[in-house]
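Remarks on the structure that follows.
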Number of protein chains: 2
Amino acid sequence: MSLRYALLGLLSERPASGYALTQRFEQSLQKYAWHANHSQIYPELAKLAADGLVTVVEEGARGRRTYAITDAGREALREWLLTSGGGPRRVRNEAVLRTFLLSTLEPADAALLLRGYVDRSARDLAELQAVVADLEASEQAGEPQRFGRFAAEFGVRQYAAFHDWAQWALARVESATPDEGDGQESGA
Amino acid sequence: MSLRYALLGLLSERPASGYALTQRFEQSLQKYAWHANHSQIYPELAKLAADGLVTVVEEGARGRRTYAITDAGREALREWLLTSGGGPRRVRNEAVLRTFLLSTLEPADAALLLRGYVDRSARDLAELQAVVADLEASEQAGEPQRFGRFAAEFGVRQYAAFHDWAQWALARVESATPDEGDGQESGA
DNA sequence: GCGTTCATGTAAATGGTTACATGATTCC
DNA sequence: GGAATCATGTAACCATTTACATGAACGC
């Protein structure tokens with residue numbers, strides 16, 4: 001069901017074609033919230049239209065159809081957001097699973113992975129911070145900025161927390177293997 | 001594929017039955033890393049056994065089978081952790097999606113939801129911090145503590161970041177609707 | 001003996017990924 | 001005219017959820 005509401009959310013910002021929605025998934029939602037590809041998006045748009053939650057407002061070149069959210073669609077989105085939040089949270093995050101499994105590795109292997117995490121999260125964080133800076137600038141310039149600011153801030157804080165964690169974990173692993181085979185083994 | 005490695009990881013700690021593994025998913029992994037239920041776990045254990053990555057080491061009462069990881073299983077887990085980390089990250093987190101969609105709501109509705117998030121994340125955080133305290137205590141007591149410490153710390157930091165974000169977002173929303181229908185409307 | 005928990009499975013349906021498929025338009 | 005991009009779709013497969021199903025052991 002989530003895909004359906006992700007699409008309604010994007011369309012509530014402004015009308016778009018399936019192609020454009022696919023790109024917006026790739027550029028924003030995909031990174032920290034929800035992944036979807038075009039082969040899932042097109043059929044779902046057709047279903048949403050059949051249910052009257054969106055309508056085709058324009059047919060352009062190459063068979064392009066621009067969809068817009070309807071009043072019923074807005075109401076369905078609001079309803080979902082307000083009523084169905086308390087259920088069991090189903091997280092599925094491979095990066096976090098890897099985190100969990102890290103301690104099954106030899107310390108040297110774990111350190112290798114953690115160094116990669118530190119680097120990668122630093123880059124991800126910088127990327128997102130640039131996005132936030134852009135949003136902030138256009139906000140200062142007086143644009144209404146309804147969408148994306150909350151989510152971007154959320155992403156920044158998550159990445160920052162991940163980065164800090166990876167450094168903490170790396171320090172811990174390194175203190176367990178002082179010098180990687182130096183002989184200085186402080187057993188017990 | 002992730003489920004497979006989650007199971008190998010749990011079994012690398014110690015042998016267990018499908019029933020016990022299901023419970024361990026419910027108590028730990030499920031909360032912040034990976035969700036799975038028994039109807040998925042049992043068939044996957046059978047496949048792992050067929051592939052020689054685990055073996056049945058004991059058959060107990062009520063048809064209970066205790067599985068243990070094999071050397072091939074350990075190697076497969078290590079291989080997966082070390083080689084396949086760089087692919088595209090596929091995140092799917094409904095809580096985060098809701099975050100993203102929050103700005104489609106009226107400020108009053110958004111504030112309502114955010115207050116719920118603040119409360120809930122405070123409770124989740126406290127719960128996890130208790131787990132960490134337990135782990136820390138048994139660590140001090142000299143137990144080897146291979147598993148779970150990294151992941152628990154990770155969870156604590158994620159929840160803390162979420163909690164802080166929710167408070168930040170709530171403050172922002174509340175400053176946009178000063179007094180919720182008091183008449184003091186400071187329109188543009 | 002009766003209820004609860006332990007313990008394992010399977011089947012149908014849904015959700016999601018990968019691969020295949022097609023063709024129009026635009027830019028060069 | 002040829003390559004890249006725009007634009008949409010479908011089919012087969014795999015992963016996951018929900019519901020159904022069964023029975024042994026344990027505590028009372």
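Reminder, nothing fancy here: chain letters follow the sequence lines and each chain counts from 1. Both backbone and side-chain heavy atoms feed into the values below; hydrogens, waters and symmetry mates do not.
Rounded to 10°, the angle separating the first-five-pair axis and the last-five-pair axis of the helix from C:dG1-D:dC28 to C:dC28-D:dG1 equals 20°.
Atom CD in B:Q23 sits roughly 11 Å away from atom P in C:dT5 (whole-Å rounding). Regarding A:L7, its CG atom lies at a distance of 13 Å from the P atom of C:dG15, rounded to whole Å. Summarising the geometry, the separation between CG on A:L3 and P on C:dT14 is reported as 16 Å, rounded to the nearest angstrom.
With respect to the salt-bridge test (charged N to carboxylate O, under 4.0 angstrom), the residues A:R24 and A:E13 qualify. Salt-bridge formation is detected for the pair A:E139/B:R172: a Lys NZ or Arg NE/NH1/NH2 atom is positioned less than 4.0 Å from an Asp or Glu carboxylate oxygen. The pair A:E106-B:R78 does not count as a salt bridge, with every side-chain nitrogen at least 4.0 angstrom from each carboxylate oxygen. Ion pair A:E59/A:R64 not flagged as a salt bridge, since none of the NZ, NE, NH1 or NH2 atoms sits closer than 4.0 Å to an Asp/Glu carboxylate oxygen. A salt bridge is defined here as a Lys NZ or Arg NE, NH1 or NH2 lying under 4.0 Å from an Asp or Glu carboxylate O, and A:D51 with A:R4 meets this definition. For the pair B:R123 and B:E127, the salt-bridge criterion is not met [side-chain N within less than 4.0 Å of a carboxylate O].
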ask   = Could you go step by step and tell me if B:E174 and B:R115 meet the salt bridge (charged side-chain N to carboxylate O under 4.0 Å, His left out) rule?
value = CA-CA 11 Å; B:E174 281 178 338; B:R115 271 183 218 110; 2.9 Å; yes
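Position along DNA chain D of the nearest nucleotide to B:R62 versus A:T66 favours A:T66 as the more 5'-ward residue. When the nearest nucleotides of DNA chain C are assigned to B:A20 and A:A61 by heavy-atom distance, the more 5′-ward of the two goes with B:A20.
Chain B approaches DNA chain D within less than 4.0 angstrom (heavy atoms of the protein), and the contacting nucleotides run 5' to 3' from D:dA15 to D:dA25.
Between C:dT26, C:dG15, C:dA7, one nucleotide has an atom nearer to the side chain of A:M1 than all others, and that is C:dG15.
Residue contacts for A:R4: at a heavy-atom cut-off of 4.0 Å it reaches no nucleic acid atom on any strand shown.
Here the side chain of A:H163 pairs no donor or acceptor atom with the backbone of A:S121 at under 3.5 angstrom.
Ring planes of A:Y117 and A:F162: tilted class, angle from 30 to 60°.
Looking only at atom types and distance, the side chain of B:T22 has no donor-acceptor partner in the side chain of B:H38 under 3.5 Å away.
Contacts between residues 37-54 of chain A and DNA chain C, defined by a heavy-atom separation below 4.0 Å, involve A:N37, A:S39, A:Q40, listed by number.
Both A:L125 and A:L128 are assigned to one and the same hydrophobic cluster, defined by single-linkage of ILVMFWY side chains at heavy-atom distances under 4.5 Å.
Checking the phosphate oxygens (OP1, OP2) of C:dA7, a side-chain nitrogen or oxygen of B:R64 falls inside 4.0 Å.
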